[in-house]
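The structure appears below as structure tokens.
Here the structure is a predicted model, which is why all the values come from computation and not from measurement.
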Amino acid sequence: MTVPQFADTVEHKRLDVTAWDDIYIIGDVHGCHDELNQLLSTLDVTDTDLVVFVGDLVRKGPDSKGVLEHVRHAENMFTIRGNNEEKLLRGEKSLPVLSSDDLSWIKSRPVGISWQDTLVVHGGVDPRKELSEHTTYELQTFRSLSSGYDRPFWWERYDGSDRIFFGHTPLAAPVYRECAIGLDTGCVYGNQLTAYDWRRDCFHSVTAEKTVQHRNESKWVHPDQSPPAAD
């Protein structure tokens with residue numbers, strides 16, 4: 001299996017997953033710590049299971065500090081930097097509850113994580129060019145081949161050899177395609193927090209306890225196919 005080739009300016013972490021039992025990839029948490037705890041409990045995650053997040057652990061939800069501390073101090077949990085983490089690092093947004101040490105830890109997170117034929121990025125890739133030509137900003141925010149929320153979306157055209165897992169785009173239900181899996185099911189907007197079971201090829205979701213932020217219907221994406229199974 002070929003290791004993905006990123007630009008020199010893009011941080012990438014390659015994982016060896018052979019030692020882990022189950023493997024889960026979780027969508028945008030956005031500070032929804034209660035729902036994260038519920039999802040991990042539903043999955044019965046132990047220290048021998050691997051959990052990878054698609055970024056955007058923080059901002060918008062009620063307990064960004066709790067989510068960050070949870071992931072940061074768990075040896076079996078890894079995350080990439082999403083665009084909301086990047087906004088904190090650029091100083092565009094602030095979270096007073098986070099310390100300078102927290103921000104340093106966020107800065108040290110990669111932009112991409114991969115193993116075997118699996119690649120995790122926050123936003124997506126532009127299928128019209130090589131992965132090595134993408135900037136950090138593109139990998140964290142890319143969505144449409146046109147603009148905004150206009151179709152086609154990148155995952156509707158991508159047919160690369162790696163299956164890409166992504167967040168960033170609020171989805172009414174997970175995207176399930178041969179080459180792409182979308183996991184941001186809008187927990188902070190009152191929908192669900194979703195995990196993909198990598199070994200069993202199925203989804204698990206918990207419903208948000210409340211709507212923290214409202215989102216216009218025009219900014220929800222409804223995938224054109226259903227996942228094989230969802231709890």
*Between Phe166 and Trp155, does the ring centroid distance fall short of 6.0 Å?*
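For Phe166 and Trp155, the ring centres are under 6.0 Å apart.
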Counting C-beta onward and ignoring hydrogens, is there a side-chain heavy-atom pair between [X] and [Y] closer than 4.5 Å?
| X | Y | answer |
| --- | --- | --- |
| Lys93 | Asn84 | no |
| Leu139 | His168 | no |
| Cys187 | Gln192 | no |
| Glu11 | Ser108 | no |
| Leu89 | Arg81 | yes |
| Val111 | Val121 | no |
| Leu131 | Val10 | no |
| Ile181 | Arg163 | yes |

Non-hydrogen atoms of [X] and [Y] that approach each other most closely:
| X | Y | answer |
| --- | --- | --- |
| Trp20 | Asp47 | CZ3-O, 3.4 Å |
| Ile113 | Phe78 | CD1-CB, 3.9 Å |
| Gly66 | Asp63 | N-OD1, 2.9 Å |
| Ser146 | Ser144 | N-OG, 2.9 Å |
| Pro174 | Pro223 | O-CG, 3.7 Å |

_Just by distance, no angles: are the side chains of Thr79 and Arg109 close enough, under 3.5 Å, to form a donor-acceptor pair?_
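No donor-acceptor contact under 3.5 Å links the two side chains.
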_If we count only N and O atoms by modelled type, under 3.5 Å, do the side chains of Thr169 and Arg143 hold a donor and an acceptor together?_
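Note: Thr169 and Arg143 side chains meet the donor-acceptor criterion.
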*Do Val54 and Trp220 share a hydrophobic cluster (ILVMFWY, side-chain heavy atoms under 4.5 Å, transitive)?*
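Result: no, two separate clusters.
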*Between Ile26 and Val188, is there a shared hydrophobic cluster once you connect ILVMFWY residues whose side-chain heavy atoms come closer than 4.5 Å?*
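No, because Ile26 and Val188 fall into different hydrophobic clusters, even though each may have its own neighbours under 4.5 Å.
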Once rounded to the nearest 0.5 Å, what's the spacing between atom [atom1] of [X] and atom [atom2] of [Y]?
| X | Y | atom1 | atom2 | answer |
| --- | --- | --- | --- | --- |
| Leu50 | Asp16 | CG | CG | 10.5 Å |
| Gln116 | Thr18 | CD | OG1 | 8.0 Å |
| Ile25 | Thr194 | CD1 | OG1 | 12.5 Å |
| Trp115 | Leu15 | CH2 | CG | 6.5 Å |
| Ile164 | Leu119 | CD1 | CG | 5.0 Å |
| Leu193 | Asp34 | CG | CG | 11.5 Å |

Does [X] have more than 12 heavy atoms from other residues, nucleotides or ligands lying within 6.0 Å of its [atom1]?
| X | atom1 | result |
| --- | --- | --- |
| Asp150 | CG | yes |
| Lys60 | NZ | yes |
| Glu92 | CD | yes |

Is a side-chain donor or acceptor of [X] paired with a backbone partner of [Y] at a separation under 3.5 angstrom?
| X | Y | answer |
| --- | --- | --- |
| Thr118 | Ser114 | no |
| Asn216 | Ser218 | no |
| Asn76 | Asp49 | yes |

Considering residues at least two apart in sequence or located in another chain, which fulfil the ring-ring contact (aromatic ring centres under 6.0 Å, His included) criterion with [X]?
| X | result |
| --- | --- |
| Tyr158 | Trp154 |
| Phe142 | none |
| Phe6 | His12 |
| His134 | none |

_Consider side chain to side chain donor-acceptor pair (under 3.5 Å). Of Lys87, Gln140, His122, which one does Asp56 pass it with?_
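One option only clears the test, and that one is His122.
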Between [X] and [Y] (salt bridge meaning N to carboxylate O under 4.0 Å), is one present in this structure?
| X | Y | answer |
| --- | --- | --- |
| Asp22 | Arg200 | yes |
| Glu85 | Lys107 | no |
| Arg151 | Glu156 | yes |
| Asp224 | Arg177 | yes |

*asked:* Before you tell me yes or no, could you show the steps for Tyr196 and Asp201 under side-chain contact (heavy atoms from CB on, under 4.5 Å), namely the whole-Å CA-CA distance, both residues' side-chain angles and the distance that decides it to 0.1 Å?
replied: CA-CA 7 Å; Tyr196 175 82; Asp201 187 31; 2.6 Å; yes
Tell me, please, which residues at least two apart from [X] pass salt bridge (Lys or Arg N to Asp or Glu O under 4.0 Å).
| X | value |
| --- | --- |
| Asp101 | Arg72 |
| Lys129 | Glu138 |
| Glu69 | Lys65 |

_Evaluate Phe165 against Leu183 for side-chain contact (heavy atoms from CB on, under 4.5 Å), listing each step before the verdict._
CA-CA 7 Å; Phe165 290 78; Leu183 291 169; 4.1 Å; yes
*Pair Leu88-Leu95, side-chain contact (heavy atoms from CB on, under 4.5 Å): steps then yes or no*: CA-CA 8 Å; Leu88 296 177; Leu95 277 175; 4.0 Å; yes
*List the steps, then state whether side-chain contact (heavy atoms from CB on, under 4.5 Å) holds for Thr135 with Thr9.*
CA-CA 8 Å; Thr135 65; Thr9 56; over 6 Å; no
_Tell me which pairs pass ring pair (Phe, Tyr, Trp, His ring centres under 6.0 Å) where either residue lies in residues 26-77, with sequence neighbours left out._
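Every ring pair (Phe, Tyr, Trp, His ring centres under 6.0 Å) pair that includes a residue of residues 26-77, provided the two are not neighbours, is His33-His70.
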*Linking directly or through intermediates, with side-chain heavy atoms under 4.5 Å: list the remaining ILVMFWY members grouped with Tyr137, chain and number order.*
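Listed partners: none, Tyr137 stands alone.
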Side-chain donor-acceptor distances from residues 206-215 under 3.5 Å, at least two apart:
residue: Arg215; atom: NE; partner: Lys219; partner atom: O; Å: 3.0
residue: Arg215; atom: NH1; partner: Tyr189; partner atom: OH; Å: 3.2
residue: Arg215; atom: NH2; partner: Tyr149; partner atom: OH; Å: 2.5

*For Gln5, what residues pass the side chain to side chain contact (heavy atoms under 4.5 Å, CB included) criterion, not counting sequence neighbours?*
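In terms of side chain to side chain contact (heavy atoms under 4.5 Å, CB included), with neighbours along the sequence ignored, Gln5 is linked to Val3.
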*Check side chain to side chain contact (heavy atoms under 4.5 Å, CB included) between Thr48 and all other residues, then give those that pass, not counting sequence neighbours.*
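For Thr48 the side chain to side chain contact (heavy atoms under 4.5 Å, CB included) partners, ignoring immediate neighbours, are Asp21, Thr46.
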